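Have a look at the structure below before the remarks.
Computed from a predicted structure; not experimentally measured.
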There are 2 protein chains.
Amino acid sequence: MAEVHCVDCPLRRLPLFMSNSAQEIALVQSFKQREIRFNAGALVIQEGQTDASLFTLLEGWAFRFKTLSDGRRQILNFLLPGDFIGVQQKMADVAAHGVMALTDTVLCVFQRAALWELHRQSPTLGFNITWLTASEESLVDEKLLSVGRRTAEERIAALLVQLFHQAAARQTAPVADGVAFPLTQQEIADALGLSLVHTNKTLRKLERRGLHRIENGCLYLHDEVALKHAADMYGPGGVGGPSNRPLI
Amino acid sequence: MAEVHCVDCPLRRLPLFMSNSAQEIALVQSFKQREIRFNAGALVIQEGQTDASLFTLLEGWAFRFKTLSDGRRQILNFLLPGDFIGVQQKMADVAAHGVMALTDTVLCVFQRAALWELHRQSPTLGFNITWLTASEESLVDEKLLSVGRRTAEERIAALLVQLFHQAAARQTAPVADGVAFPLTQQEIADALGLSLVHTNKTLRKLERRGLHRIENGCLYLHDEVALKHAADMYGPGGVGGPSNRPLI
DNA sequence: CGACGTGTTGATCTCTCTCAATTAGAGTGG
DNA sequence: CCACTCTAATTGAGAGAGATCAACACGTCG
């Protein structure tokens, strides 16, 4: 149960993340309080909670979500190792979102003042936080385009392509040509604004057409070009391209 | 055509915005290059453009949007005076969004390096930029909930309530109990992921029920409680509540 | 005065939702 | 080892919210 020192953070070994100076790493370390584990399905942050801690996702997947009073749920985006959690809770004047663990997860917990102190003591890390926040917004933008204007088939195809790249960029041990994919169809549905049943039917249709396969919690893209075409995605479409991203 | 000095920025007189120190204002001023005007409908930033300037919206309304190859358009959020424009363009590794002027607008133009320099030279302003970015993301989150999980009627009601508060908070001269509302129904439709026709029908239904009225480019909420109820909004639901927001 | 943008309304059509039922796998307890 | 239970995936059938098509009204503007 030994906690990782930030210097030895396994995430820093991934090519996705840019390297920090020893000084920056020490600063981040000084704000780390502890690690905390959540089981799959556990609520990390409750909707409406405004005094949540700051977290960094170290292991596992989670997601941000919002719900309506009758239980309808919208998943805002998925969180993967290296993602920063809890910036909005301290800022928002509109009701905040919840965060739920999708798999068993390990999080690094930072004291609440860290957000400000990082800005104050290191402009570079402060800038990185802005970068991460803006970058997460881009993901939500993309999802809003999907949910607002794409058909069910296009939405599913877009999600598969995007998550594949997000997951691949954080994968330490490449599992053949597939990536770990722990989502249930209900979660896919809630992320895309679709019903469970229609999500299933559309997913099967794409699978029968040979574009992808989901098996034993792994996602394989058999025809990424066709998927991107089906999704009307003509950009790079993935996170983790040429440029690196900050790690706090 | 005299350009405003940041010290005399009319926006600072609004109760919505928190006050900055003279030093901070001078710093912001030092990065201001000029003002620029756009006519209604003009493209401020093109989709995919990654070298755009930074702007602050001084007068008028604009919106951020994304489109698919066949022209389907999703409006991501509306921009009102005081909003900061262009942070994502410098950060995103996914294709960026466009920005279009909704009315005739005046923008303050900042040099591109300002984003980093503000962080470097003033942790407070750097923190404010993070705040603004996170706050904008909250708006997109809320819209994603609408588009993904609310019915057409709920979406329209939610949008009316939200825009009413956003507009009211920036209004200098209160126009009776209404606020300026320059949106066409097409733009409302594109913001909510609905068709123009269905938007019109739903809008009329709410209007006939006496919940609101749109007349001569002004929006009046006749029964805000009922609208919030119709929208399934139980939080404060508005931007610009008790706490002030930064102005860059 | 005609062209154009915006708003309005009616009539279909269809994509997606809801309801219902079945299968398969993983645990659990007797 | 075998019922029993629970969750997740799957498939069919019918219903409905919202899309599309088509007309028309109204104001502005060159």
Just call it for [X]: base, sugar-phosphate, or nothing, with non-hydrogen atoms closer than 4.0 Å on any strand.
X       : answer
L203(A) : nothing
G217(A) : nothing
S195(A) : base
T202(B) : nothing
L194(A) : sugar-phosphate
G193(A) : sugar-phosphate

**Study point:** Residue of the set R64(A), K66(A), K143(A) for which salt bridge (Lys or Arg N to Asp or Glu O under 4.0 Å) holds with D141(B)
**Key:**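 Result: among R64(A), K66(A), K143(A), R64(A) is the only option passing the salt bridge (Lys or Arg N to Asp or Glu O under 4.0 Å) with D141(B).
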Is the backbone N or O of [Y] less than 3.5 Å from a side-chain atom of [X], with the two atoms forming a donor-acceptor pair by type?
X       : Y       : result
R73(A)  : T67(A)  : no
Q74(A)  : A191(A) : yes
R213(A) : Y220(A) : no

**Study point:** Any N/O donor-acceptor pair, K201(B) side-chain to dG10(C) base, under 3.5 Å
**Key:**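 Result: at least one qualifying N/O pair found.
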Presence of [X] side-chain N/O under 4.0 Å of [N] phosphate oxygens OP1/OP2:
X       : N       : answer
Q186(A) : dA8(D)  : no
R204(A) : dG12(D) : no
N200(A) : dT10(D) : yes
R208(A) : dT11(D) : yes
Q185(B) : dT8(C)  : yes

Exercise for review: Establish, from distance only, whether the side-chain atoms of H97(B) and E137(A) form a donor-acceptor pair under 3.5 Å.
Suggested key: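 No, no side-chain donor-acceptor pair sits under 3.5 Å.
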Roughly, in whole Å, what's the span from [atom1] in [X] to [atom2] in [N]?
X       : N       : atom1 : atom2 : value
H198(B) : dC13(C) : NE2   : P     : 19 Å
I214(B) : dT8(C)  : CD1   : C1'   : 14 Å
L219(A) : dA9(D)  : CG    : C1'   : 17 Å
I188(B) : dT8(C)  : CD1   : C1'   : 14 Å
R150(A) : dC15(C) : CZ    : C1'   : 18 Å
L183(A) : dT7(D)  : CG    : P     : 19 Å
L196(B) : dG7(C)  : CG    : P     : 8 Å
D190(B) : dA19(D) : CG    : C1'   : 14 Å

Check your understanding: For T184(B) and T199(A), take the nucleotide of DNA chain C holding the closest heavy atom to each; which residue's nucleotide lies nearer the 5' end?
Key ->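 Per heavy-atom nearest nucleotide, the more 5' residue is T184(B).
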Check your understanding: Around atom CD of Q46(A), are there more than 12 heavy atoms of other residues, nucleotides or ligands at under 6.0 Å?
Key ->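 No, because the 6.0 Å sphere around CD of Q46(A) holds 12 heavy atoms or fewer from other groups.
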